[in-house]
Amino acid sequence: MTVHAAAEVPTDMSQTGHDMWAEARNLMVDDQLRPSEISNPGILKAMRALPREECVQPAQRAAAYADVSLPLAPGRVLAQPLLTARLAQAANPLPGEHALVVGAATGYSAGVLARLGLVVSALECDEQLAAMGQAFCKANALAVQWSVGPLNTGLPANGPYDLIYFDGCVGAVPDFCQKQLKPGGRLVGLIQKTGDIPEIFRATLTATQEGARYAFAYLSKAQSPLLPGLCPQPQFSL
């Protein structure tokens, strides 16, 4: 995959003004996303507008628009912009749909979906990341409702959902998805089969004579840490 570098921006915004962040966002979209077949105009508009620098710690802000994932906490990252855009585009989001973002971290992906007109439930297990995400969404994406709790149970109280979006990697589709996803609904995220490189996937819940099942599409390889509680189960042999 070609790596596109984005110009770093100063952390002292008192000297440069907010126009510098706007310029960095536009460079990110024009240099990283559009050349990589991100064509959904709503996604491009949302990512030009959302202040990604508010989703990382102050020491990371100068790299907020670079083509890299940024550490948030042990085992957790803010995904690189292109990965977020690819996941959002794969989700085929429609205004008015209800989405669950699992592992919402500091709220950037939830904010993108909300800017696309979805009603978003954000689930995060790390209280400190969730607090950052709540503050970010309160300022930039009001159509996001936050919950703090384990990721492997989903959020049944707000379901069922048109879309369940994993903001990271899973080892397998969690059991809760079939109960919390509407018929015809979609799952989007990264999945890592044992020993393989993670892949972006989209799965649609379809009804068959044998019962409900997923129709999978695998889109491209990517890197992202496994989300807490959604890792592959250990395999033992005798």
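One is the number of the first residue; the rest follow in order along the sequence.
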Side chains of [X] and [Y]: does their closest heavy-atom pair fall under 4.5 Å?
X	Y	result
F166	S224	no
Q223	C169	no
L190	L83	yes
L100	N158	no
V77	L70	no
K45	R115	no
F176	V102	yes
D162	L118	no

Note: D167-R76 ion pair, threshold 4.0 Å (strictly below)
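Looking at D167 and R76, the cut-off is not met.
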Within one Ile-Leu-Val-Met-Phe-Trp-Tyr cluster: V101 and V119, side-chain cutoff 4.5 Å
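Different clusters.
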Would Y218 end up clustered with L205 when hydrophobic side chains under 4.5 Å apart are linked, directly or stepwise?
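Yes.
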Just by distance, do the side chain of Q180 and the backbone of Y161 share a donor-acceptor pair under 3.5 Å?
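Not confirmed, Q180 side chain does not pair with Y161 backbone.
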Check for a donor-acceptor pair, side chain of E127 on one end and backbone N or O of V148 on the other, with a separation under 3.5 Å.
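Between the backbone of V148 and the side chain of E127 there is no qualifying donor-acceptor contact (under 3.5 Å).
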Considering all heavy atoms, the nearest [X]-[Y] contact:
X	Y	result
K182	P160	CE-O, 3.5 Å
P150	L123	O-CD2, 3.7 Å
Q60	P71	NE2-CG, 3.4 Å
L72	L129	CB-CD2, 3.9 Å
Y165	A88	CE1-N, 4.0 Å
A172	I191	CA-CD1, 4.0 Å

Is K193 close enough and on-axis enough to F216, meaning under 6.0 Å and within 45°, for cation-pi?
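No, a cation-pi geometry is absent between K193 and F216.
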Distance only, no hydrogens: is a donor on one side chain within 3.5 Å (strictly under) of an acceptor on the other, for Y65 and E53?
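Their side chains do contain a donor-acceptor pair, which is all the 3.5 Å distance test asks for.
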Once rounded to the nearest 0.5 Å, what's the spacing between atom [atom1] of [X] and atom [atom2] of [Y]?
X	Y	atom1	atom2	value
L113	L163	CG	CG	6.5 Å
L33	R86	CG	CZ	9.5 Å
S121	L155	OG	CG	5.5 Å
M132	E124	CE	CD	11.0 Å
N140	Y108	CG	OH	10.5 Å
D31	S36	CG	OG	10.0 Å

Just do the side chain to side chain contact (heavy atoms under 4.5 Å, CB included) check on M47 and V112 with the steps written out, would you?
CA-CA 7 Å; M47 294 182 71; V112 170; 4.1 Å; yes
Could you please spell out the steps behind the side chain to side chain contact (heavy atoms under 4.5 Å, CB included) verdict for T106 and F136?
CA-CA 7 Å; T106 53; F136 173 76; over 6 Å; no
Near D175 CG, under 6.0 Å, is it more than 12 heavy atoms from other residues, nucleotides or ligands?
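No, CG of D175 has 12 or fewer neighbouring heavy atoms, counting only those of other groups under 6.0 Å.
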Could you tell me whether R34 atom CZ has more than 12 heavy atoms of other residues or ligands within 6.0 Å of it?
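Open: at most 12 neighbouring heavy atoms sit under 6.0 Å from CZ of R34.
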Given side chain to side chain contact (heavy atoms under 4.5 Å, CB included), test M28 with R52 step by step and report yes or no.
CA-CA 11 Å; M28 173 190 72; R52 184 177 161 89; 4.3 Å; yes
CA sep, side-chain torsions, deciding dist, call: T204, R186, side chain to side chain contact (heavy atoms under 4.5 Å, CB included)
CA-CA 4 Å; T204 304; R186 293 96 62 208; 4.0 Å; yes
Among L230, L227, L151, T153, which one satisfies side chain to side chain contact (heavy atoms under 4.5 Å, CB included) with P174?
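Among the candidates, only L230 passes.
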